[in-house]
Amino acid sequence: MPDFSCYVTIINETNEALSLKSFSAERGEWVLIPNLINPRATGNARLKDSAGPSGTEGEFIYIISSHASSSFKAYQTCPYSGDNKTNANPPPKPQAVYAVHFRGHSADNEWVEGGVQTDDHPIYVEYTFSYSKSLYKFQLLHIDASSGHPIRNSAGELIVGQHRLWDGDKNQNDGDKGSFQPNIFPYDFTSSVPSSSSFCVSIKVLNIELLGAECLLYGVINGSRVMKSGFFFIESMGEILVSVHIMEPNKSSKPFSWNADVAWGMELRLSDHAVECYPPGKCVTRLEFYWISEHLHRGFKNGVPVDFLRHVFPKQSLHLLDDTSIDLGWYNMCTEDVFFQTNKVYDTISGASAFNVGAWGGIFELSYYIAADESGVYGSLYRHVNCMDQAAMLELQCSFGTMRAKMSWLVQQPFGYINETYLVGIVDASGQFQLCNNPFHGTDATLRVVDKDMRGRTSFYCHVYIGQSKPFSTTNDHIFDGTAGPSIGNKLAEQYLHEAIDRNTRLYEVTGTSPGTVDNIMQGDGVTGTDGQFWRPTAILELAPAGFRECVLNLLRSSAISNPNIISQIQWAHVPEWINTVLGSRCEVAFGHVSVGNATAQALWLLSGANEEDTTKLRVDVRVETHLSENGDLNPERSAMAACDCLASIIMSTDRDPDDLWIQGTLGEYGEKSLQYADHIPAGRIVIVSGNVVVDMRGASSSAALEPLARRLLTHTTSHEPFSLHVPTVVNHSFEIPGCSQNGATNVVDGIGAQFTVRCCLDSSVAAASADVHGDGLLLSKYSIEDMDGEAGRAVIFTFITRDLGVHDVDLYFAHSSTLTSVSKRVEVEVVDGHQSQH
């Protein structure tokens, strides 16, 4: 009897089971059909013809276990009269994931791909259900993230909150250093990194076959997957937002970074088949991520400089991670970095602070500390430091990994003669560190180590280092010293002092001094701000030990000039405009900024090429104190007292004995007080106080060599009208709030993350401006100074970003263009929930 059956083989090459959904027969009957075909298995079926001249015709549908809505349908017929047929249409969906290939033959004929001979019988059909091997493509559109801490990119722009990391239409690469859109993820060092560091990648698929597919997006760095999304469905051909997180590390006990080019790819679920990113030129994105403490140091109130982060966290800094504790392990690493990797050299001549911090801390010139010279090497612009500079750098760097208590700023005076140790940057010609027990040996390397009782051996008059926690416990907390040793947290205070201080020399008896002990360790404020903020400690002299205080007071008395000239200083804000006229065409400004804060303005300049006979750079630091009377005029007495306090701070910012360092200056004709380094000190420094102005100049091989340069500078900047100096006046101010119909008349801003400006009109030219927000509710993004059409004076436009709801006070500061006298204006800003605003 003729056989018109359809013999069916179903080969399942996927990792998913196939379940029989339905089957039917128009002619004949299914005598064999499997209900389930397991992954990587084969099933057999038979559609048998019935009695009589009819043949067979039928179909079946299998659904895919992981996609209940996905199925494949097969039809086959072997009729008594007519053509044999078979097909598997429509193809299973998503077409990008699954494919069905079939072939057939009748009787003993050859296989026919995608069909069957139209005549002869029975027919044999083989269906292969597999994953699609077709190539499909997707496109990266942009990448967004939210920076939990404010960060300043290398162009000085503030980045905080939601921002665009990468855009296919805009190059955000910051050369080979990183990105112009870096991002900080605040981290607690105990929770899952992936859960605390997601960001959003926007993509678009380019093939309709991908609709309905379940995909995973991933980022590759140096051949390893480091970032990935969860699985998501492709539901449209438009923009798709995908949440991506970091895979490695899962947890970290220390801060770390990823700063690299990320190559993006996508794969289909289960099949693991790749979906290609297209076009190739826009498939690699530069991403710069940092994971630091949830608690941001107060010095970074207006943003963490990305150049600082890039030094602390080298690209892909996972090699920094290990299982040691956050407190000691991270602090240890930071101490070694500050000692070995910042390109600094201890000032073995004067031991003076170079970056404005004093014995009790204060504002740290971070941007100046890390600035590079023409070599581009981090920290190479100005290399000489003392213990206060190093302690400030160490405090800031350690703060990125502070999980609980803050570190303590420890001051010790007296400290004493030191045992042989290494000092930061003191190396021989081959770069090997050299021992030292005579810190102020000047430029004579043979005097680094001397006999312990040698007359003329120098000591640390004052020394500053860091304690493990705040408040500091002399019995429980470890010591970190980035100046000498280094001491990397492996000693408590008693052991640290025992190993650091030479107590066996007879020089204490000779000099009438004594070595330090744990009982004379004092705690200072530490770093209170960075770069252009101002900190005025209360009664700084009262904080000092009696001997230190008396030393400073004696120097202040000796600095006074008999019958002083009544003059002051002007034009220090504009040094680049006139410096070649005064010091010659070779002189260049290597670094400089003008800043203003509460009752104080500063102009800081580092000049190269000022002296043809000496390659030493000349540094000029000008401070102008402006304390006003009740009617808004300059109060000469209070301003002069503040300038005198500034001079006291300068005296107290050295590790060397001030009595050995300072003498009365020779430039008394330029002010009421004058000090300079003594004749035996092989470095030049001259400080004059003129009314409310302090001018601090250092450079050259001695004060005598510096004096001609100082005279030329002071002669150019001298004003003979010291206390009739004009104080700028804020004529009016207004608010400009996007989307607000009452611009200028309201101080109410809608929502967190909103940007608004405050415009202040002043009656005179302005050299610098700044803002101090009380609390953390607002951030100063930037300010600009503009001309006012048809009017004298200038307008200063401050741009702020809201961070918290509530009423926030903001102090705005302005420095006069010529005199650097300053004035402040307090404004009040209310930030409300956008749904509650009535304007």
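Just so you know, residue 1 is the first one in the sequence shown, and it goes up from there.
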Considering only NZ, NE, NH1 and NH2 on the basic side and carboxylate oxygens on the acidic side, decide whether [X] and [Y] come within less than 4.0 Å.
| X | Y | result |
| --- | --- | --- |
| Asp502 | Arg457 | yes |
| Lys406 | Glu395 | no |
| Arg685 | Asp696 | yes |
| Glu550 | Arg557 | yes |

Is it the case that atom [atom1] in [X] sees more than 12 heavy atoms from other parts of the structure closer than 6.0 Å?
| X | atom1 | answer |
| --- | --- | --- |
| Glu494 | CD | no |
| Met454 | CE | yes |
| Asp679 | CG | no |

Least distance between heavy atoms, [X] atom then [Y] atom:
| X | Y | result |
| --- | --- | --- |
| Ile349 | Pro682 | CD1-O, 3.5 Å |
| Tyr461 | Gly547 | OH-O, 4.0 Å |
| Val338 | Gly482 | CG1-O, 4.3 Å |
| Pro150 | Leu158 | CB-CD1, 3.7 Å |
| Ala484 | Leu423 | CB-CD2, 3.8 Å |
| Lys673 | Cys644 | CE-SG, 3.8 Å |

Determine yes or no for a side-chain-to-main-chain donor-acceptor pair under 3.5 angstrom, with [X] supplying the side chain and [Y] the backbone.
| X | Y | value |
| --- | --- | --- |
| Gln341 | Glu336 | no |
| Thr530 | Gly299 | yes |
| Trp360 | Ala544 | no |
| Ser147 | Ile184 | yes |
| Ser770 | Val596 | yes |
| Asp804 | Gly777 | no |
| Asn183 | Tyr290 | no |

Do you know which of Thr348, Asn438, Asp660, Asn437 makes side chain to side chain donor-acceptor pair (under 3.5 Å) with Thr458?
-> Asn438
Can a side-chain donor-acceptor contact be found between [Y] and [X] if the only test is distance below 3.5 angstrom?
| X | Y | value |
| --- | --- | --- |
| His149 | Glu294 | no |
| Gln397 | Asp337 | yes |
| Asn343 | Tyr378 | no |
| Thr600 | Glu625 | yes |
| Asp444 | Thr446 | yes |
| Tyr677 | Ser350 | yes |
| Gln413 | Asn520 | no |
| Gln390 | Tyr465 | no |

Give me the ring orientation class for Phe480 and Tyr331: parallel if the planes are under 30° apart, tilted from 30 to 60°, perpendicular past 60°.
->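 Geometry flag for Tyr331 against Phe480: perpendicular rings.
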Classify the angle between the aromatic ring planes of Phe308 and Phe300 as parallel (below 30°), tilted (30 to 60°) or perpendicular (above 60°).
->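 Aromatic pair Phe308/Phe300 classed tilted.
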Taking side chain as C-beta onward, heavy atoms only, is [X] less than 4.5 Å from [Y]?
| X | Y | value |
| --- | --- | --- |
| Thr421 | Ile418 | yes |
| Phe415 | Thr513 | no |
| Asn386 | Tyr346 | yes |
| Leu779 | Val160 | yes |
| Thr528 | Arg298 | yes |

Are the aromatic rings of [X] and [Y] close, with centres under 6.0 Å apart?
| X | Y | value |
| --- | --- | --- |
| Trp605 | Phe591 | no |
| His498 | Tyr496 | no |
| Tyr368 | Tyr382 | yes |
| Tyr508 | Tyr417 | yes |
| Phe433 | Phe340 | yes |
| Trp291 | Phe256 | yes |

With sequence neighbours excluded, residues passing salt bridge (charged side-chain N to carboxylate O under 4.0 Å, His left out) with Asp453 =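 Applying salt bridge (charged side-chain N to carboxylate O under 4.0 Å, His left out) to Asp453 gives Arg506.
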Under the salt bridge (charged side-chain N to carboxylate O under 4.0 Å, His left out) test, which residues partner Asp657, sequence neighbours left out?
->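 None.
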Do Ser430 and Asp428 pass the side-chain hydrogen bond (donor to acceptor under 3.5 Å, both in side chains) test, and can you show the C-alpha distance, the side-chain angles, and the key distance before you say yes or no?
-> CA-CA 5 Å; Ser430 65; Asp428 63 15; 2.7 Å; yes
Of Gln495, Lys491, Gln468, which meets side chain to side chain contact (heavy atoms under 4.5 Å, CB included) against His478?
->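 Single side chain to side chain contact (heavy atoms under 4.5 Å, CB included) partner of His478 among Gln495, Lys491, Gln468: Gln468.
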Cation-pi between Lys344 and Tyr369: NZ/CZ under 6.0 Å from ring centre and within 45° of the ring axis?
-> yes
